[in-house]
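Everything on this sheet refers to the single structure shown next.
Sequential numbering from 1 along the given sequence is applied to the chain's residues.
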Amino acid sequence: MKPNTQQLNNLTIQVRRDILRMVHAVNSGHPGGSLGCTEFLVALYQNLMDRKPGFDMDGKDEDIFFLSNGHISPVFYSVLARSGYFPVAELATFRHINSRLQGHPTTHEGLPGIRMASGSLGQGMSVAIGAALTKKLNKDSHLVYSLHGDGELQEGQNWEAMMYASAYKVDNYIATIDLNGKQIDGPTDEVLNMGSIRAKFEAFGWDVLDIEKGNDIEAVIAGMTDAKSRTGKGKPVCVLLHTEMGNGVDYMMYSHAWHGKAPNDEQLANALAQNYCEGESDY
């Protein structure tokens with residue numbers, strides 16, 4: 001039975017707490033984008049994807065997900081742990097030497113839930129397309145999902161992948177773009193203005209939809225359910241997810257400053273106080 005909206009919102013708060021504590025503990029990591037994508041990943045793993053118990057690398061007969069902007073690993077690790085892929089207590093090893101939870105996810109540590117190394121930006125779409133085509137060859141009707149940063153689209157490999165996906169009608173694939181308008185050096189429009197991302201995807205032959213409230217669980221579920229309904233119709237699907245970097249922590253929002261900066265002790269206490277609900281289970 002799927003969790004209800006209140007349970008999903010409570011889990012979202014818990015994941016935000018995990019992100020903040022993980023990054024603070026090692027004074028390293030990327031809280032901004034992680035906090036911005038929390039609702040999306042909670043909804044994806046808890047409501048939207050058809051997942052089998054356990055984990056196998058092949059992902060046969062189930063939906064699978066690839067994180068392309070791997071620096072937001074804190075939110076990915078937290079959601080995976082809170083979804084049963086590995087013990088929640090292991091979150092305390094984030095970015096430690098010999099930990100399976102490195103700053104950017106990799107596969108050689110054998111961490112359940114991780115299907116690609118994503119330290120280098122711009123590669124996730126290519127991998128996801130390969131997986132989607134494999135499902136077609138295997139007569140597997142399940143879907144492939146991926147998540148990308150909007151600044152990440154400045155990497156050229158994405159555009160080759162977009163062209164390929166539409167040309168070969170990879171219509172069992174949903175690529176979501178975290179459209180927060182910020183990257184490590186500033187606003188995306190100032191670093192490298194990409195114009196209309198919607199128009200570009202549509203020009204490349206994709207079916208595109210927007211989720212305007214990307215930090216609202218119900219809006220994310222409704223939008224992604226719409227995206228799922230558009231699969232199987234000859235076009236890959238792109239979701240433009242409008243989020244706020246640092247969402248849920250007032251001093252982190254509306255700025256790119258917390259893209260890759262950890263809070264100090266006082267800032268952590270402030271952020272955790274903003275993200276409290278009954279029944280929390282910190283690791």
Side-chain angles (χ1 to χ4, degrees), residues 2 37 40-70 76 79-80 83 85 105 107 112-118 122-150 152-153 155 157-179 197-198 200-211 214 219-241:
K2 294 180 180 179
C37 288
F40 171 76
L41 282 169
V42 167
L44 191 68
Y45 275 85
Q46 294 290 316
N47 180 280
L48 294 159
M49 285 203 304
D50 181 10
R51 301 186 289 118
K52 294 189 300 187
F55 175 75
D56 70 89
M57 201 64 173
D58 289 337
K60 293 180 179 179
D61 300 316
E62 64 176 332
D63 295 341
I64 60 175
F65 169 76
F66 294 97
L67 177 67
S68 187
N69 50 332
F76 194 24
V79 170
L80 288 175
S83 299
Y85 283 88
T107 54
I114 305 299
R115 288 194 167 88
M116 69 166 282
S118 52
Q123 300 178 357
M125 193 175 295
S126 299
V127 176
I129 290 168
L133 288 173
T134 298
K135 283 192 175 294
K136 283 179 172 287
L137 289 170
N138 289 337
K139 309 300 182 185
D140 182 345
S141 62
H142 287 81
L143 300 176
V144 176
Y145 296 84
S146 64
L147 178 64
H148 312 261
D150 50 1
E152 184 187 3
L153 296 182
E155 298 280 355
Q157 184 174 329
N158 291 297
W159 304 96
E160 297 178 60
M162 288 177 212
M163 181 168 53
Y164 186 97
S166 60
Y168 286 89
K169 296 180 173 55
V170 186
D171 58 0
N172 56 339
Y173 172 42
I174 301 173
T176 298
I177 311 301
D178 177 22
L179 207 64
I197 293 176
R198 166 181 276 276
K200 286 180 169 59
F201 270 93
E202 288 178 340
F204 275 71
W206 289 56
D207 188 2
V208 185
L209 67 145
D210 286 85
I211 299 178
V220 171
I221 291 173
M224 293 302 294
T225 300
D226 182 11
K228 290 169 67 174
S229 74
R230 302 186 187 203
T231 60
K233 298 179 180 179
K235 290 185 176 184
V237 178
C238 171
V239 176
L240 300 179
L241 182 75

Practice item. Could you go through the side-chain contact (heavy atoms from CB on, under 4.5 Å) check for Tyr85 and Arg51 one step at a time? Key: CA-CA 11 Å; Tyr85 283 88; Arg51 301 186 289 118; 3.2 Å; yes

Check your understanding: Of the non-hydrogen atoms in Pro112 and Leu80, which two are nearest, and what is the gap between them?
Key -> O-CD1, 4.0 Å

Practice item. Give a yes or no answer on whether the side chain of Lys235 reaches the backbone of Ala165 with a donor-acceptor pair at less than 3.5 Å. Key: no

Practice item. Might you work through the side-chain contact (heavy atoms from CB on, under 4.5 Å) test for Asn69 and Leu67, ending with a clear yes or no? Key: CA-CA 6 Å; Asn69 50 332; Leu67 177 67; 3.3 Å; yes

Check your understanding: How long is the gap from CH2 on Trp206 to SG on Cys238, to the nearest 0.5 Å?
Key -> 6.5 Å

Review point. Can Gln123 and Phe66 be said to form a side-chain contact (heavy atoms from CB on, under 4.5 Å), step by step?
Key: CA-CA 10 Å; Gln123 300 178 357; Phe66 294 97; over 6 Å; no

Practice item. First locate atom OH of Tyr164, then atom CD1 of Ile129, and finally report the distance between them rounded to the nearest 0.5 Å. Key: 8.0 Å

**Study point:** Check: Phe76 ring centroid to Phe65 ring centroid under 6.0 Å
**Key:** yes

Review point. Where do Leu48 and Lys228 come nearest, in terms of heavy atoms and distance?
Key: O-NZ, 2.9 Å

Check your understanding: Taking Asp171 as the fixed residue, which of Arg230, Lys136, Lys233 is the one that meets the salt bridge (charged side-chain N to carboxylate O under 4.0 Å, His left out) rule?
Key -> Lys136

Review point. Going by distance alone, is a donor N or O of one side chain under 3.5 Å from an acceptor N or O of the other, for Gln46 and Ser83?
Key: yes

Check your understanding: For the atom pair CG (Leu209) and CG (Leu241), what is the distance rounded to the nearest 0.5 Å?
Key -> 10.0 Å

**Study point:** Over all atoms of both residues, closest heavy-atom pair of Leu179 and Leu240
**Key:** CD2-CB, 4.3 Å

Review point. Trp159 side chain to Leu153 main-chain N or O, any donor-acceptor pair under 3.5 Å?
Key: yes

Practice item. May I ask you to decide if Asp63's main-chain N or O and Asp50's side chain share a donor-acceptor pair within less than 3.5 Å? Key: no

Practice item. Give the minimum heavy-atom separation between Gln157 and Ser126, together with the two atoms involved. Key: NE2-OG, 2.9 Å

Point to revise | Whether Ser68 side chain and His148 backbone form a donor-acceptor pair below 3.5 Å | key: no

Practice item. First locate atom CG of Leu44, then atom OG1 of Thr176, and finally report the distance between them rounded to the nearest 0.5 Å. Key: 7.5 Å

Review point. Going by an N to O cut-off under 4.0 Å, is there a salt bridge joining Lys52 and Asp61?
Key: no

Exercise for review: Find the distance between CD1 (Ile177) and CG (Asn158) and round it off to the nearest 0.5 Å.
Suggested key: 7.5 Å

Review point. Rounded to the nearest 0.5 Å, what separation is found between the CZ atom of Phe40 and the CE atom of Met224?
Key: 4.5 Å

Review point. Distance-only, no hydrogens or angles: does the Asp140 side chain make a donor-acceptor pair with backbone N or O of His142 under 3.5 Å?
Key: yes

Exercise for review: Keeping the roles fixed (side chain from Lys2, backbone from Asn47), state whether a donor-acceptor pair exists under 3.5 Å.
Suggested key: yes

